[in-house]
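Let me begin by presenting the structure, written as C-alpha cells, before commenting on it.
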Amino acid sequence: MIRLGVFFTVLAISSLLLVAVRDLPRDVDAFTADQQQRRKVLSLLPAGDAIEVKLAHAQKAERYQVGLFGNSRALMVDSASLGRPESFFNFAITGVTFATILAMLERLEAMGKLPAVALISFDHPLIAHPPYPAPDTSLLRRWRRYLLDFAWAVRSDDVDWRTIQANLAEQAGAEWSRLRGIFSFEQLRLVMAYRFPTRIPVIEVAPYRQDGSRPEQLPEGGSRTDMALRASPYLMALELHMQHLAQIAERNRMRVVLYRSPVHPAVLASAPANAAAQALEMQFRTACQRLVLDCRGVPDMGNPAEPPYWPDGNHAPAARLGAYLGGVIGEQRTVNVGARQ
Amino acid sequence: VTFNSLSFLFVFLPVCLLGFYMPGMRPYRMVWLAAMSLAFYGFTGVLHLVTMVISVVWAHVWSRSPRIVGNTWVAATACFVPLGLLFYYKYLAFTLLVLFGLSVETSPVAAALMEKWDPVLPAGISFFSFHIVSYVIDRYRGQIQTPPTLLKMMTFVSFFPQLVAGPIVRYDDVSNQLGVIERQGSFNVLWGRAIGFFVFGLLAKTLLADNLHRYVTLLAGTPDKLDAVASGYLILAYSFQIYFDFYGYSLMAVGLGMMFGFQLPRNFMRPYESLNPRDFWRRWHMSLSFWIRDYLYMPLGGNRKYLRNILIIFAACGLWHGAGLNFVVWGLYHAALVLGYHYSQRLWNRLPALLQMLATFILVSLGWMLFLFDFNAAWQVVRSLAGNPLASVAGAGLGVNAWGMLAVSAAVCFTIRFEGFIERYRLPRWAEGIYSIGLGAATMAALLLLDRSTDFIYFRF
C-alpha cells in the first residue's frame, strides 16, 4: 500500500529541509545589546553554531584590536578582566581545538576582519586534548582541511600511522555527531528558539556576554583542583597549522601570542612524569622556535589560596587570566613576522 | 546498536541489506546474515557474544546425532550449557539469596555479595536460550528430521531482528526461508509491507512509548507520595508504555524479518481488547505464551492438572521475565487471574463485553506495577488509588500534555489495527499517495525523536 517512491522522496526532501533549517540565520548579529535571549540559546547549541554566530558578528562589527581565541579555558575572559582594551572580542568557544582556531582565523582573514592582536590559548600539555576536530560547519571546507592535513601527515616522517588512523576515526566520529545533530529534536528546538527567541522557551542559563565571553561560576571558600590528566602524545599536523598561522600573521601584520593555558599549581606539583605531555611540549616548542612565533609558557596566576578561586584544576579564574593577558597586550613587542623557514 | 538508533538505521541496516542483496552475494547470503547478526550482538559485549556462540555450538553438536530422538539424556545434555549459562547469568544470585533467606535490603552479607559478584546480564539471553531449547526439544521429538548445519543454526538463533527481544522463533518458523537462502534460491520481498511494519513500530516506540516514559519516570520516582489521580495515571501510562514499547519492537522485528524474506510470528493481537485474563495470554507476547504451552504446559499434563499447571507455568513465566520475587508475584498474580476467570467464567461471561474488556485491562495494568517497582512500592501505588492521606505529589500537577498523551495512546491502542492496516486495507490510488506522504512525514518525526528514545523494556529480559 505504501508507494515507496513517494515515501522515500518525502524522507529525502524533509531531510534536506532539516539541513537547511538547521543553519542559524547569518543576518542577525547576536552580540548586540538587544539579543540576550539569542545569546542564551547560543550557549546551549553545539560549538559549530557558536563559531558561525561569532564570525557573523565579526563580519558586521568594526575590526577588533584584540581578539582572544581558545576554548572553555579562555571563554570566561571578558573585556573588564583584561583592563578594558580599546576594542576586544572573545572568539573562544567551548571544546574547540587549535585546528578550529586556525580555521576561524582563515575565515576572518577572508573577511578582512582579523584583529590586530590575536591571543591564542593553547592547551597545557597535561590536559586531555579534544579529538581532531571537524573545524568547520561547511562539509567541503572541513574535508578539504582534513585532507590537506592527512596528506601532510602521510608525507611527514614524524607522524606514525596510529596517529593518522586515530585522527581519521575522530574526524569520522565528528561527522557522525554532526549527522546526529541534524536529526535531533532538541537541537532543532534550540535552532527554532534562536530563530524565534521570544516564542520558544529554553532553560535558564548564563548567556554569552556582548564581548563574546561567558560568565564563569566561581567556587566559594577555596580553589578546586579536580581535572583529568590525559595528554595526547601527538597532535597531527600541528606544525602545518602553526605554519599557516605564521603565514596569516605575516600577510596581515597581525600580532599573535600563543600562551599555554594555566593549570592549578597544586595539580602541576602533584602530576607524575608524563612522557606524552613532554613529547607534546617538545612538538609545540620546536614549531614555535622554527617559525619564530611568540609562544609563552604557562602563565603565573598568583596565589590560588586567595580569591578569586579556581573553579577546577584547569580553568583559571577570569580575573587572574585576564590580568595576565592584559599585561601581554600592554607589552610593546613587535609583530612576530619574518625569519620563517 | 538498537532498532531505535540512528547508527542502526543509517549504518547497520543499509550495510546489512546492501551486502545481502548485492549481485554476486547469493552464495554468501547465509554467511553474511550470520556475520552481521553476530556483529549486531557483539555490540552488547564480546563476552556476551561468546556466551551465545558457545550455547549455539554446544546445542548443535549434541543435537546433530539422530540418537537425540526420544533420548532424554542427550536432549538434556544439549540443553545443559544454554540453560546453565542462562541460570548463571540470570538466576544464580537470586537462587542463592532465596536459598539462604537473605535480602539485599536487610543483610549486609547479601548486599556485599551482590555488589562484588553481579555479572552483567547478556541482552536477550532469555530469548535466545528459548530459541535453542525449542530447537533441541523439536529434535528430541523428531519434529526436525534433518539437522541444520552449524551456520544455518547460528543464523536461526542469532538472526538480528528477533535476537534481543523476540518474537521467540522456532526453527520450523524460519527453516523454509533458511533453506531458500542456503539453496541460493530467489524469493519475493514485499518491501512496502516490510517498511510499513518497521515504520509503524518505530512510531509506536518513539511517538507513544517514549513520550509516556517521560511522565512515568516523573511519577515513578516517588511511589510513596502519589495521590489517587497520580497513581491512576501512572498505572495507565505504564500499561500503555510497555504495550507500545514491546509491540513497537515486535512490529519492527517483523518488518526487518520481511526485508530478508522471513515471516516472523506475530507477538500481539490487540491484547488490551481481551475479554478475560486467559484471552489476554493468547494475545500478549504470543510467541512466549505458545512456547510455554507447547514446551512446558502440555508436557506437564496440560488441562488434566489445570490448577497445578497454571500455577507452575505462570510462576515460570514470571521468572522468565526476571530473577526477582516481584516477577514471581507478577506471574502468580496472572495465575490467580486466569484461575479466577476459569472458576467464575459462567458469571464473568455474562457481563457486557465492554465491561469484561475493561476489567481485564485494569487487572492487567495493575499487574504491570510489579514490572516497574518492587513488591512494596507496587503495593503502595495500588493502595494509593484508594486515596492516600499522606500524598504530596498531586495528580493535578500533571499537565494537559500528560493527559493528552495518555488519551492519544488509548485512542491508538483501541482503534488502530496496525497489522490489518498494513496487510489488508486497500486504499484508492490517490489516497495511497497521501498515505505515503503522511507516513514519510511521521517517519521523519520519529527520526527526530530518536535522540531521546529509551532502551526497549524487554531488552532486560
Side-chain angles (χ1 to χ4, degrees), chain A residues 1-24 41 44-49 95 131 134 139 143 168-196 199-203, chain B residues 1 4-12 14 189-200 202-203 206-207 210-211 214 255 258-259 417-453:
Chain A
M1 192 165 61
I2 299 176
R3 288 166 69 177
L4 291 176
V6 177
F7 175 75
F8 282 114
T9 305
V10 170
L11 277 185
I13 290 173
S14 48
S15 298
L16 289 174
L17 269 175
L18 269 183
V19 173
V21 169
R22 182 63 189 74
D23 272 350
L24 300 182
V41 178
L44 297 168
L45 280 163
D49 295 301
L139 181 78
W143 277 96
L168 178 59
E170 283 158 1
Q171 177 78 356
E175 289 296 344
W176 179 244
S177 298
R178 280 175 190 279
L179 184 71
R180 287 173 59 125
I182 290 170
F183 290 97
S184 159
F185 177 78
E186 190 50 35
Q187 284 198 23
L188 182 65
R189 203 178 73 83
L190 287 172
V191 168
M192 288 299 129
Y194 186 87
R195 285 175 181 269
F196 310 105
R199 296 191 190 161
I200 301 173
V202 292
I203 58 163
Chain B
V1 180
N4 58 335
S5 67
L6 284 178
S7 43
F8 178 83
L9 292 169
F10 286 180
V11 182
F12 184 87
V189 174
L190 300 170
W191 286 101
R193 198 173 282 191
I195 290 171
F197 270 105
F198 187 83
V199 167
F200 273 120
L202 190 65
L203 294 176
T206 54
L207 299 185
D210 285 335
N211 277 317
R214 288 164 57 205
M258 281 183 178
M259 291 179 195
R417 315 267 183 267
F418 286 122
E419 290 97 336
F421 194 71
I422 296 164
E423 290 185 322
R424 290 188 291 277
Y425 204 67
R426 289 278 166 270
L427 289 171
R429 194 157 171 77
W430 62 268
E432 276 185 357
I434 294 174
Y435 166 68
S436 304
I437 290 171
L439 203 60
T443 305
M444 184 49 70
L447 290 178
L448 277 172
L449 292 172
L450 286 183
D451 65 340
R452 55 161 127 166
S453 191

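Each chain gets a letter, A, B and so on, in the order its sequence line appears, and its residues count up from 1. Here the structure is a predicted model, which is why all the values come from computation and not from measurement.
Ranking B:Ser7, B:Ala431, B:Ala441 against chain A, the residue ahead of the rest is B:Ser7, based on heavy-atom pairs under 4.5 Å.
Between A:Arg3 and B:Arg429, the shortest heavy-atom distance links the atoms NH1-O, 3.1 Å. Between A:Val6 and B:Ile437 the shortest heavy-atom distance is CG1-CG1, 3.5 Å. Of all heavy-atom pairs between B:Met444 and A:Leu18, the closest is SD-CD1, 3.6 Å. Between A:Ser184 and B:Asp451, the shortest heavy-atom distance links the atoms OG-OD2, 2.5 Å. Considering every non-hydrogen atom in both A:Phe7 and B:Ile195, the closest pair reads CE2-CG2, 3.7 Å. Between B:Leu448 and A:Ile182, the shortest heavy-atom distance links the atoms CD2-O, 4.0 Å.
For a residue to count as touching a neighbouring chain, one of its non-hydrogen atoms must lie under 4.5 Å from one of that chain's; by this rule A:Leu188 touches chain B with the side chain only. Using a 4.5 Å cut-off between heavy atoms, A:Ile13 makes no contact with chain B at all. Contact of A:Ser15 with chain B is made through backbone and side chain together, with heavy-atom distances under 4.5 Å. With a threshold of 4.5 angstrom between heavy atoms, B:Leu450 does not approach chain A through any atom at all. Contact annotation for B:Arg193: neither backbone nor side-chain heavy atoms come within less than 4.5 Å of a heavy atom of chain A.
Summarising the local packing, CZ of A:Arg180 is surrounded by 12 or fewer heavy atoms from other residues, nucleotides or ligands at distances under 6.0 Å.
Side-chain contact between B:Thr443 and A:Leu11: present, with at least one pair of heavy atoms (C-beta onward) separated by less than 4.5 Å. Taking the side chain as every heavy atom from C-beta outward, A:Phe183 and B:Leu9 never approach each other to under 4.5 Å.
A distance of 5.5 Å separates CG in A:Leu179 from CZ in B:Phe10, rounded to the nearest 0.5 Å.
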